[in-house]
Amino acid sequence: MNNILLPVAGFSGRQLTGNKINKTVRKIGDLKTIFSDQAAYGDTSPDKIVYEVESYLPVKEGTTGGLFFGITFIQPGKVGDEYFMTKGHFHKIADRAEFYWGIEGEGMLILMDKYRKTWAEKMYPGSLHYIDGYTAHRTANTGASVLSFGACWPSDAGHDYDSISQRGFSKILVQENGQPILIDRK
Ligand code: S6P
Ligand code: ZN
């Protein structure tokens with residue numbers, strides 16, 4: 001029996017455990033160019049946590065052929081009418097795809113192709129999302145509780161955040177009459 005090892009990482013309840021887990025916290029103050037209503041952004045405390053990511057990185061970032069696994073937790077909230085959301089990115093190696101799946105709460109996966117066409121898919125516990133290569137992706141919490149979702153992506157994909165922080169997505173997800181709706185970015 002002594003050649004049988006426990007896995008080096010685990011997923012217990014809401015948390016990833018193990019020694020190759022990377023944790024990232026994104027606060028309002030880290031998301032300056034992300035939200036479109038800059039006046040409302042300025043009125044929100046920079047220390048407020050918007051989302052956290054726990055990632056299991058079993059191989060070195062950039063390794064071809066490996067996989068990464070992560071859980072993202074987005075707090076409920078809005079900046080103006082726009083829901084709390086992730087920064088969003090294309091992958092640096094642009095053809096790399098990714099899976100997302102909903103774990104708890106409700107939200108939207110916002111997708112934008114290389115021609116800047118933007119659409120969204122509903123996220124809920126058990127929803128499964130295939131994100132094709134060349135497609136920018138960000139997630140928004142449209143509910144009243146934490147939205148968490150899993151992700152699995154190639155270890156050489158990398159992240160291109162600059163394209164999004166400079167030009168954003170072509171549409172934004174806002175609350176209108178109590179409902180999430182995608183509207184053109186001004
Ligand atoms: C990684 C994957 C997710 C995001 C996370 C936070 O490729 O898509 O783990 O990193 O949801 O989003 P962002 O846009 O801040 O990386
Ligand atoms: Zn990604």
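Position 1 is the first residue of the sequence, and the numbers go up from there. Read the numbers this way: they start at 1 and go in the same order the structure lists the ligands and their atoms.
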Legend entry - Residues S163 and D160: side-chain donor-acceptor under 3.5 angstrom: yes

Inset, instruction - Using only heavy-atom distances, determine whether the side chains of S170 and T118 contain a donor-acceptor pair under 3.5 Å. - result: yes

Legend entry - Test applied, side-chain contact (heavy atoms from CB on, under 4.5 Å); reference residue, W101; option that passes from C152, S127, P125: C152

Inset, instruction - Using the side-chain contact (heavy atoms from CB on, under 4.5 Å) rule, pick out the option among V146, L147, T72, I71 that qualifies with I103. - result: I71

Legend entry - Ring centroid separation F69 to Y56 under 6.0 Å: no

Legend entry - Same apolar cluster: I34 and F84, side chain cutoff 4.5 Å: yes

Legend entry - Connected via hydrophobic side-chain network under 4.5 Å: F68 and V53: no

Inset, instruction - Kindly tell me which protein residues have any non-hydrogen atom under 4.0 angstrom away from an atom of ligand 1, grouped by chain and ordered by number? - result: Y51, V53, T72, T86, K87, G88, H89, H91, E98, Y100, H137, F149, W153, H159, Y161

Legend entry - Nearby protein N/O/S atoms (those under 2.8 Å) for the Zn ion (ligand 2), with water ignored: H89 NE2, H91 NE2, E98 OE1, H137 NE2

Legend entry - From E98, E121, H137, residue fulfilling side-chain hydrogen bond (donor to acceptor under 3.5 Å, both in side chains) relative to H129: E121

Inset, instruction - Anything under 30° is parallel, anything over 60° is perpendicular, the rest tilted; go ahead and classify H89 against Y161. - result: perpendicular

